[in-house]
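Notes to accompany the following structure.
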There are 2 protein chains.
Amino acid sequence: MSEPKIKNMEEFASVSGISRPTISKYFNDPTSVRATTRERIERALDQFDYQPNMYAINQNRRLTKNIGVIVPYLADPFFAEMARHMEDLVIAAGYRPVLLGSHGDADLEVENLNSLRLMKPAGVLLAPLGRGSDPERIAEFSQDVPTVLFDANLETIGEAFVGSNNQQSINLIVDYLCRTGEPPSFFEMRLPSNPNAFKRRQAYVAAMEALGHEPQLIQVDGDGWEFEAIGFREGSRVLEERSLPTDTVLCSNDRLAIGFLSAAYQKGMRVGLGDGCALRVAGHDDHPFSRYTCPTLTTVSQDYESIATKSAESLFEVIESGSAEKMREETLFDGKLVMRGSA
Amino acid sequence: MSEPKIKNMEEFASVSGISRPTISKYFNDPTSVRATTRERIERALDQFDYQPNMYAINQNRRLTKNIGVIVPYLADPFFAEMARHMEDLVIAAGYRPVLLGSHGDADLEVENLNSLRLMKPAGVLLAPLGRGSDPERIAEFSQDVPTVLFDANLETIGEAFVGSNNQQSINLIVDYLCRTGEPPSFFEMRLPSNPNAFKRRQAYVAAMEALGHEPQLIQVDGDGWEFEAIGFREGSRVLEERSLPTDTVLCSNDRLAIGFLSAAYQKGMRVGLGDGCALRVAGHDDHPFSRYTCPTLTTVSQDYESIATKSAESLFEVIESGSAEKMREETLFDGKLVMRGSA
DNA sequence: ATTTTATTTTTACGCGCGTAAATTTTTAAA
DNA sequence: TTTAAAAATTTACGCGCGTAAAAATAAAAT
């Protein structure tokens with residue numbers, strides 16, 4: 001790491017005493033050269049620090065070692081954590097992650113796809129916005145670039161989808177809530193941006209009916225990705241109106257629940273499952289903040305580690321098998337009940 | 001956007017009836033060609049969709065139009081929001097943002113810098129980890145690449161620093177707390193990762209002394225970036241031990257306060273400034289979640305919009321003026337008192 | 001030691017674009 | 001219209017690397 005600056009592979013070849021094509025081979029796959037030459041190269045490498053020009057490398061490649069990771073909303077810690085996980089996996093597999101957030105904006109989502117395309121990525125891990133996403137553009141993109149969807153499914157798009165088994169997880173928590181108190185009503189946005197919300201609604205209705213209860217949907221207005229604000233505002237409203245059909249509320253996701261809990265607190269309502277509690281509130285996702293709400297939030301965890309791992313592995317498979325493959329695979333991971341203080 | 005695929009600039013030149021060098025000029029600066037030719041090019045452009053190969057473009061450039069945005073911890077919504085803002089500004093200025101998170105890891109921070117260097121970025125907006133950062137590597141990097149630091153200052157490194165005026169903001173909230181009740185003690189980590197924390201501690205001590213009160217530091221153990229967890233754990237501990245010197249606690253940042261509030265809630269302590277409240281808790285930053293805590297968190301806002309804007313503009317200036325410039329500039333923005341329920 | 005096989009070297013070309021210099025064309029000014 | 005200035009075209013080279021083909025060398029097998 002000293003000496004004169006090496007400016008290109010030619011120069012590094014001469015100072016290391018190895019021919020340029022061999023050096024080139026080495027950088028594309030260190031194991032593809034004889035062990036003794038590999039050592040010589042590596043010895044030269046920490047004597048002269050040289051790194052190939054990434055632009056020159058990629059100019060003539062049909063695809064690069066880049067893998068795009070696109071999430072709908074980076075300011076949501078759930079997606080931030082997911083992205084973090086995926087980045088690690090991508091690096092471990094020898095690729096370079098390129099992180100992009102869509103900020104809840106469909107146009108930006110498409111732009112992200114476009115700017116990724118210019119990078120000739122080996123593949124993309126995409127969590128689409130859901131409703132609002134432009135399915136045609138995404139489908140188009142996924143035909144050129146190996147794409148694995150996660151979190152939000154867009155039917156038929158991409159090589160695979162990995163997400164949560166909303167059916168199972170909602171069933172789990174509805175069952176739990178019914179066993180331990182009044183059957184829950186379901187608090188959600190009327191037009192959720194996320195397709196999981198639809199699945200959860202259906203699952204809720206089915207679960208309630210299976211248990212012989214009447215489903216009670218509380219569908220509130222609200223747009224965008226500021227779920228806490230919506231949960232707070234609309235939670236405040238329904239609590240003021242005393243229009244809740246039961247004392248138990250299952251929120252479609254934790255961020256709504258966080259807002260709802262805040263509203264309940266401000267209304268002076270004691271939330272929880274003990275005596276003297278007026279309300280039970282549950283969520284879904286096991287959001288990083290859900291263990292610090294007041295009371296702590298009972299919820300169902302999404303197995304985001306498994307989702308991240310499976311997504312990444314699916315993508316690597318597709319990439320390494322040369323993309324033309326079998327059927328589109330959908331993998332759903334079960335959630336786990338997280339019993340905390342709120343229900 | 002139809003017809004045959006154009007594969008390079010040569011081909012696009014011929015189908016558009018313009019010479020390749022002119023096309024090249026156009027892409028580097030559309031205003032640098034005559035209006036009539038610009039129109040012809042643009043007409044061809046939406047007839048034949050062609051986008052120059054970014055690798056070929058950048059191969060021979062000493063620097064690209066890329067601007068790195070590095071934050072210490074993307075799963076912290078504060079940094080996520082900041083990054084989002086900066087991305088917008090970077091795009092608006094005609095550059096391409098490259099977002100990198102260091103996940104609280106100094107090695108990763110250095111790696112991020114290294115991988116950025118390969119991209120030959122025009123500049124970097126860097127929020128360093130703080131303590132734990134490798135100042136030498138960062139200094140080295142900042143000598144090659146125009147770098148503006150934000151949030152956390154590393155003295156003498158980079159072309160500029162933009163952050164919060166902790167002196168002013170802490171003064172503000174200490175003053176407020178003293179006016180409305182008992183003087184606060186200061187709850188913080190013994191070895192905070194963030195240099196702002198040191199500034200805030202000093203500012204707290206100075207403010208208290210100026211008001212004739214004795215500063216009371218509550219320095220707790222804890223490492224890493226899981227501030228809520230630390231605030232909760234150590235908050236629970238001090239509340240159990242009843243070792244709080246006053247009924248008012250100023251936390252070094254909102255994330256600690258969020259954990260602390262959660263601890264207080266679980267201990268059954270009523271937090272707030274009304275009668276019947278056993279405790280007042282305040283934070284610092286106006287973290288996105290602070291308006292949904294129970295009670296809502298009284299805090300001082302960081303002017304993150306101004307910080308983002310000023311950081312970006314400083315960087316653009318340095319870049320466009322050819323980097324060799326005047327003195328290193330430090331800009332601090334004042335915070336605003338955000339009076340909510342907790343104090 | 002000889003043959004076979006696996007690597008490396010030599011040589012050479014191409015990728016897509018930036019860009020410089022000389023020339024021609026277009027536009028604006030006189 | 002003529003002249004001067006601005007812009008576009010033609011021509012040509014270089015960037016740093018991938019990579020193919022043929023020749024040379026080294027390692028492994030006989």
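No hydrogens, no waters, no symmetry mates; every other heavy atom, side chains included, goes into these values. Per chain, numbering begins at 1; letters A, B, ... match sequence-line order.
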(request) Using a strict cut-off of less than 4.0 Å between a Lys/Arg side-chain nitrogen and an Asp/Glu carboxylate oxygen, indicate whether B:Arg328 and B:Glu330 qualify as a salt bridge. (result) yes

(message) Salt bridge or not between A:Arg84 and A:Glu87? Use side-chain N to carboxylate O under 4.0 Å.
(response) no

(request) Determine yes or no for a side-chain-to-main-chain donor-acceptor pair under 3.5 angstrom, with A:Lys65 supplying the side chain and A:Pro121 the backbone. (result) no

(message) I'd like to know if the side chain of B:Tyr55 reaches the main chain of A:Met119, judged simply by a donor and an acceptor atom lying under 3.5 Å from each other, with no hydrogens or angles considered.
(response) yes

(message) Using whole Å, what does the distance between atom P of nucleotide D:dA7 and atom CG of B:Asp29 come to?
(response) 12 Å

(message) Could you tell me how far apart A:Arg40 (CZ) and C:dT7 (C1') are, to the nearest whole angstrom?
(response) 12 Å

(message) Suppose we call two aromatic rings close when their centres sit under 6.0 Å apart. Are B:His103 and B:Tyr73 close by that rule?
(response) no

(message) Using the salt bridge (Lys or Arg N to Asp or Glu O under 4.0 Å) definition, which of the options B:Glu329, B:Glu305, B:Glu317 pairs with B:Lys310?
(response) B:Glu329

(request) Classify the nucleic acid contact of A:Thr37 as base, sugar-phosphate or nothing, counting any heavy atom under 4.0 Å across all strands shown. (result) sugar-phosphate

(message) Whether B:Ser19 contacts D:dT9 is assessed here as follows: a side-chain N or O lying under 4.0 Å from the phosphate OP1 or OP2. Is that the case?
(response) yes

(message) For nucleotides 13-21 of chain D, give me one character per nucleotide, 5' to 3': B if any protein heavy atom sits under 4.0 Å from the base, S if the only such contacts are to the sugar-phosphate, - if neither.
(response) -BBBBBB--

